Amino acid sequence: MRMTRLHAPTLKETPKDAEVASHQLLVRGGFIRKLAAGIYDYLPLANRVLHKIERIVREELDAVGCQEVRLPMVQPAEIWEESGRWGFYGPELLRLKDRRGGEFCLGPTHEEVIVDLVRRDVRSWRALPLNLYQIQTKFRDEIRPRAGLMRGREFLMKDAYSFDVSEAAALESYDQMYAAYERIFARCGLDFRAVEADSGAIGGSRSHEFQVLAETGEDAMVACTHCGYAANIEQAEVPAPAAGEPASVPSVETVATPGKRSIEDVSAFLGLPAAKLVKTLIVEADDELYAVLLRGDHELNEIKLRKHLGAAVVSLADEKRVKQQTNAPIGFAGPVGLTGVKAIVADHAVAGLDGGVTGANLVDAHLANVQAGRDYQATFADLRFAQDGDACPRCSGELRAFRGIEVGHVFYLGTKYSDAMRCMFLDEEGKDTAMVMGCYGIGISRIMAAAIEQHHDDNGIRWPIALAPYTVAILPLQMNKDDVVQAAERLYETLRGAGVDVLLDDRKERAGSKFNDAELIGSPIIIAIGGRGLANGEVEVKLRATGEKRDVAIDQVSAFVAEHLR
RNA sequence: CGGGGCGUAGCGCAGUCUGGUAGCGCACUUGCUUCGGGAGCAAGGGGUCGGAGGUUCAAAUCCUCUCGCCCCGACCA
């Protein structure tokens with residue numbers, strides 16, 4: 001491609017509405033433009049990157065027997081009502097009406113459509129397993145789109161769905177997809193971790209996320225330093241600490257804590273570390289009130305609490321309700337003598353506290369030397385978020401905290417959708433049986449952003465070779481010198497003939513502009529041709545990834561490029 | 001949805017407090033010079049100041065309403 005023909009409007013200045021590196025560089029490099037919040041145009045460079053990602057995905061999925069389909073983006077409400085998600089999905093589902101008033105939505109995901117497709121035509125165990133996928137634009141009306149392509153409302157996604165005869169067979173499909181995903185992300189040049197995850201709104205029981213490690217990532221996770229355990233922080237288990245010898249704790253004592261409501265305030269006021277305090281949260285779970293006890297330095301994981309209580313929704317009770325029901329003012333609530341709650345549940349770590357400080361259920365007072373079991377009764381469970389330094393739930397190692405960008409997610413769904421939508425087959429005994437499903441997503445457009453988050457410097461993008469829109473950029477440095485122009489043209493034709501994705505910067509720009517744009521756009525190999533080097537029969541080859549420069553004889557360049565791209 | 005901020009040329013901004021000629025840098029067009037890390041000189045083109053209503057002799061500027069966008073919190077590929 002010639003730069004004079006390429007529609008890649010580069011910018012010198014960083015657009016003010018872009019904050020993260022990938023967003024800034026994609027806009028500056030002329031890869032994307034914004035149409036509306038969370039909705040972007042992909043320009044030719046971005047489109048090339050997306051095609052390269054898609055190609056890797058297709059090759060790996062086809063290799064494990066998946067088949068590509070293309071499903072409608074506009075979906076009728078009926079199938080969503082069948083699965084029960086029309087009511088459940090909420091405002092993130094963009095709903096529309098056709099001219100007759102019929103209700104539709106823009107597909108945020110395609111479980112309903114694919115189940116409807118499969119149940120029509122698949123009747124026999126002989127047709128299974130079946131794994132269908134598509135690469136398509138999805139729309140989710142996110143509350144707050146942000147960070148460019150990292151969280152858009154419209155985005156490109158690969159979604160796959162597996163159908164099997166049994167749970168065992170479905171788990172095999174799951175493992176096969178898991179392995180394919182590892183190959184895909186590795187080929188994309190990404191540094192990633194697969195972590196255990198909560199299965200969230202899509203439903204199901206077994207689930208892994210593929211997280212690209214990046215400080216700007218929205219997700220927090222922990223991984224063991226010793227074994228392979230890694231999990232999203234929402235999911236990460238915290239083992240109960242081994243019970244020690246019960247210490248003898250002096251009896252409860254009331255201490256005055258005027259105006260000290262928060263853990264920080266009380267901790268500073270009493271000169272005690274937060275780990276010696278107990279925080280008491282009054283939580284509303286399906287209209288019942290519970291007191292939830294956590295160590296002062298720990299955070300409540302609402303997902304764990306919800307599962308523990310078997311509740312559909314949990315939220316912090318509002319101030320009025322807390323006062324009314326428990327007589328405990330906000331900030332001074334405690335478990336001792338607490339009334340008006342259905343039960344007291346405590347995180348394991350609270351049991352290990354030999355005498356903690358809790359609220360006294362009185363204004364401006366706390367209790368010291370409070371002992372679970374002696375001074376109040378509670379049930380114990382794993383209720384908090386894991387933290388850096390926690391013990392590994394699988395081995396004797398320790399957990400480290402990471403941040404990441406979720407680029408893929410695999411779910412074991414079981415028969416959630418096939419039951420709800422009657423997706424059945426006849427097994428070998430002629431018995432009508434629900435298919436066992438899995439579903440598997442990859443954020444194609446998000447990979448493009450994640451790759452940049454991981455591979456960039458102050459000058460621009462450093463594309464992994466597999467994703468680069470053009471792997472080689474040729475820069476004739478003086479357009480007024482015929483020998484320079486001709487050498488560049490010859491090299492351009494040679495590399496093109498060899499099937500290399502090559503960009504020739506034939507603009508009448510000065511050397512500085514060409515170098516800067518080439519580095520911004522991020523071609524892995526930048527070849528500078530100037531009169532100075534040409535006099536010795538050499539050109540300068542610069543590797544974008546490392547910044548390494550070397551002079552290469554002009555008749556060796558082609559071989560050098562081929563070698564490097566291999 | 002709650003909190004904070006911003007809408008003036010393609011991009012980045014000044015002007016708004018204190019009403020009176022719409023301005024700067026980059027980009028763009030033309031000419032000459034320059035040519036290995038974002039050149040110089042000269043001449044140009046480009047604006048319903050987000051939108052609507054109001055106050056006023058006069059509104060980018062004051063008032064009311066509205067739309068859009070960004071950032072921080074609960075959702076997800």
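Just so it is clear, the model here is predicted, and its values are computed rather than measured. Throughout, protein chains are lettered first and strands after them, A, B, ... in sequence-line order, and every chain is numbered starting at 1.
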Margin query: Heavy atoms from C-beta onward define the side chain here; which of B:G38, B:G36, B:C75 lies closest to that of A:Glu540?
Written below: B:G36
Check: Quick one: do A:Glu519 and A:Lys542 make a salt bridge, cutoff under 4.0 Å?
Finding: yes
Next item on the list: For A:Asn480 and B:A39, give me the distance from atom CG to atom C1', rounded to whole Å.
Entry: 13 Å
Next item on the list: Between B:C69, B:G38, B:C35, spot the one nearest the side chain of A:Gln478, thanks.
Entry: B:C35
Note to self: Check this one for me: any side-chain N or O of A:Arg146 less than 4.0 Å away from OP1 or OP2 of B:G73?
What the structure shows: yes
Check: Is A:Ser22 reaching over with its side chain to a backbone N or O of A:Ala450, donor-acceptor style, under 3.5 angstrom?
Finding: no
Notebook entry, point to check: Does any nucleotide pair with B:G68 by Watson-Crick or G-U wobble geometry, both distances under 3.5 Å, and what is it?
Noted result: B:C6
Next item on the list: Under 4.0 Å between any heavy atoms, over every strand shown, what does A:Pro476 touch: base, sugar-phosphate, or nothing? Just pick one.
Entry: nothing
Item checked: Distance under 6.0 Å and angle within 45° of ring axis: A:Arg48 vs A:Tyr470 -> yes
Note to self: Working note: A:Arg5 + A:Asp506, criterion salt bridge (Lys or Arg N to Asp or Glu O under 4.0 Å); need CA distance, chi angles, decisive distance, verdict.
What the structure shows: CA-CA 9 Å; A:Arg5 300 282 83 217; A:Asp506 57 342; over 6 Å; no
Item checked: Identified pairing partner of B:U29, criterion: Watson-Crick or G-U wobble below 3.5 Å -> B:A43
Checklist line | Atom-pair distance (CD1 on A:Ile526; C1' on B:G37), nearest Å | finding: 12 Å
Item checked: Ion pair check, A:Glu111 and A:Lys416, cut-off under 4.0 Å -> no
Note to self: Counting neighbours of CZ on A:Arg33 that are heavy atoms of other residues, nucleotides or ligands and sit closer than 6.0 Å, is the number greater than 12?
What the structure shows: yes
Check: Do any side-chain nitrogens or oxygens of A:Lys12 fall under 4.0 Å of OP1 or OP2 in B:A27?
Finding: yes
Note to self: At 4.0 Å (heavy atoms only), tell me whether A:Lys34 reaches a base, stays on the sugar-phosphate, or touches nothing.
What the structure shows: sugar-phosphate
Checklist line | B:U48 pairs with, by Watson-Crick or G-U criteria that keep both distances under 3.5 Å | finding: none
Notebook entry, point to check: Quantified in whole Å, what is the P atom distance between nucleotide B:G2 and nucleotide B:A77?
Noted result: 27 Å
Check: In the strands shown, is B:C24 matched to any nucleotide by a Watson-Crick or G-U wobble pair with both distances under 3.5 Å, and which?
Finding: B:G12
Next item on the list: Mind checking A:Gly152 for me? I need base, sugar-phosphate or nothing, with any heavy atom below 4.0 Å counting as a touch.
Entry: base
Check: Below 6.0 angstrom between ring centroids: does that apply to A:Tyr440 and A:Tyr178?
Finding: no
Notebook entry, point to check: Rounded to whole angstrom units, what separation is found between the CZ atom of A:Arg510 and the P atom of B:U34?
Noted result: 11 Å
Checklist line | Inter-nucleotide P distance (B:U8, B:C70), Å rounded | finding: 14 Å
Item checked: Nucleotide nearest A:Glu19 (side chain, heavy atoms from C-beta), chosen from B:G36, B:U34, B:C71 -> B:C71
Item checked: Candidate nucleotides B:C69, B:C35, B:G37, ranked by approach to the side chain of A:Ala37 - the nearest -> B:C69
Check: Under 4.0 Å between a Lys/Arg side-chain N and an Asp/Glu carboxylate O for A:Glu68 and A:Lys158?
Finding: no
Checklist line | Nearest-Å distance once atom P is located in both B:G50 and B:A60 | finding: 10 Å
Margin query: Could you tell me how far apart A:Arg151 (CZ) and B:G73 (P) are, to the nearest whole angstrom?
Written below: 12 Å
Notebook entry, point to check: Is a side-chain donor or acceptor of A:His51 paired with a backbone partner of A:Pro469 at a separation under 3.5 angstrom?
Noted result: no
Next item on the list: Searching all strands shown, indicate the nucleotide that pairs with B:A60 (Watson-Crick or G-U wobble; both distances under 3.5 Å).
Entry: none
Notebook entry, point to check: For the pair made of CD in A:Glu406 and P in B:A77, what is the distance, rounded to whole Å?
Noted result: 5 Å
Notebook entry, point to check: Which part of the nucleic acid, if any, lies within reach of A:Asp517 when heavy atoms closer than 4.0 Å are counted: base, sugar-phosphate only, or nothing?
Noted result: base
Margin query: For B:A77 and A:Arg446 - does any side-chain N or O of the residue sit under 4.0 Å from the phosphate oxygens OP1/OP2?
Written below: no
Check: Base, sugar-phosphate, or nothing for A:Glu209, non-hydrogen atoms under 4.0 angstrom?
Finding: nothing
Checklist line | Annotated protein contacts, base or backbone, on nucleotides 6-11 of chain B with a non-hydrogen cut-off under 4.0 Å, one of B, S, - each | finding: S----B
Checklist line | Nearest-Å distance once atom P is located in both B:C1 and B:G45 | finding: 46 Å
Next item on the list: Please state how far atom NZ in A:Lys508 lies from atom C1' in B:U29, giving the value in whole angstrom units.
Entry: 16 Å
Margin query: With rounding to the closest Å, how many angstrom separate the C1' atoms on B:A9 and B:G23?
Written below: 11 Å
Notebook entry, point to check: Expressed in whole Å, how much space separates the C1' atoms belonging to B:C49 and B:C67?
Noted result: 16 Å
Notebook entry, point to check: Mapping A:Lys549 and A:Gly441 to their closest nucleotides on RNA chain B, which lands nearer the 5' end?
Noted result: A:Lys549
Item checked: Out of B:A27, B:A74, B:A77, whichever nucleotide has its closest atom nearest the side chain of A:Arg140 -> B:A77
Next item on the list: Give A:Gly530 one of three labels, base, sugar-phosphate or nothing, depending on what nucleic acid heavy atoms sit under 4.0 Å from its own.
Entry: base
Check: Within the structure shown, what part of the strands sits under 4.0 Å from A:Ala518 by heavy-atom distance: base, sugar-phosphate, or nothing?
Finding: nothing
Next item on the list: Round to the nearest Å and state the distance from A:Gln136 atom CD to B:A77 atom P.
Entry: 15 Å
Item checked: Electrostatic pair A:Arg507:A:Asp505 at N-O distance under 4.0 angstrom -> yes
Note to self: Without decimals, in angstroms, what is the distance between A:Gln24 CD and B:G12 C1'?
What the structure shows: 13 Å
Check: Which residue, A:Ala511 or A:Glu92, contacts RNA chain B at a nucleotide closer to its 5' end, judged by nearest heavy atom?
Finding: A:Ala511
Item checked: Partner nucleotide of B:C76 by Watson-Crick or wobble geometry (both distances under 3.5 Å) -> none
Check: Which part of the nucleic acid, if any, lies within contact of A:Glu154, taking any heavy atom under 4.0 Å across all strands shown: a base, the sugar-phosphate backbone alone, or nothing?
Finding: nothing
Notebook entry, point to check: Just wondering, do A:Phe155 and B:A77 stack (centres under 5.5 Å, planes under 30°)?
Noted result: yes
Next item on the list: Provide the distance between the two P atoms, one in B:C69 and one in B:C11, to the nearest whole Å.
Entry: 15 Å
Notebook entry, point to check: When rounded to the nearest Å, what value does the distance between C1' atoms of B:G38 and B:G12 take?
Noted result: 15 Å
Check: In Watson-Crick or G-U wobble terms, both distances under 3.5 Å, what is the partner of B:G37?
Finding: none
Check: Syn or anti for B:U21, with syn set at within 90° of 0?
Finding: syn
Next item on the list: Before accepting this row, confirm whether a basic side-chain N of the pair A:Glu538/A:Arg550 lies closer than 4.0 Å to the acidic partner's carboxylate O.
Entry: no
Note to self: What's A:Arg33 touching, base or sugar-phosphate or nothing? Going by heavy atoms closer than 4.0 Å.
What the structure shows: nothing
Margin query: Check this one for me: any side-chain N or O of A:Arg144 less than 4.0 Å away from OP1 or OP2 of B:C75?
Written below: no
Checklist line | Nucleotide of B:A77, B:C1, B:C70 approaching A:Asp17 most closely (side-chain heavy atoms) | finding: B:C70
Item checked: Pair A:Tyr412, A:Asp175: side-chain N/O donor-acceptor within cut-off below 3.5 Å -> no
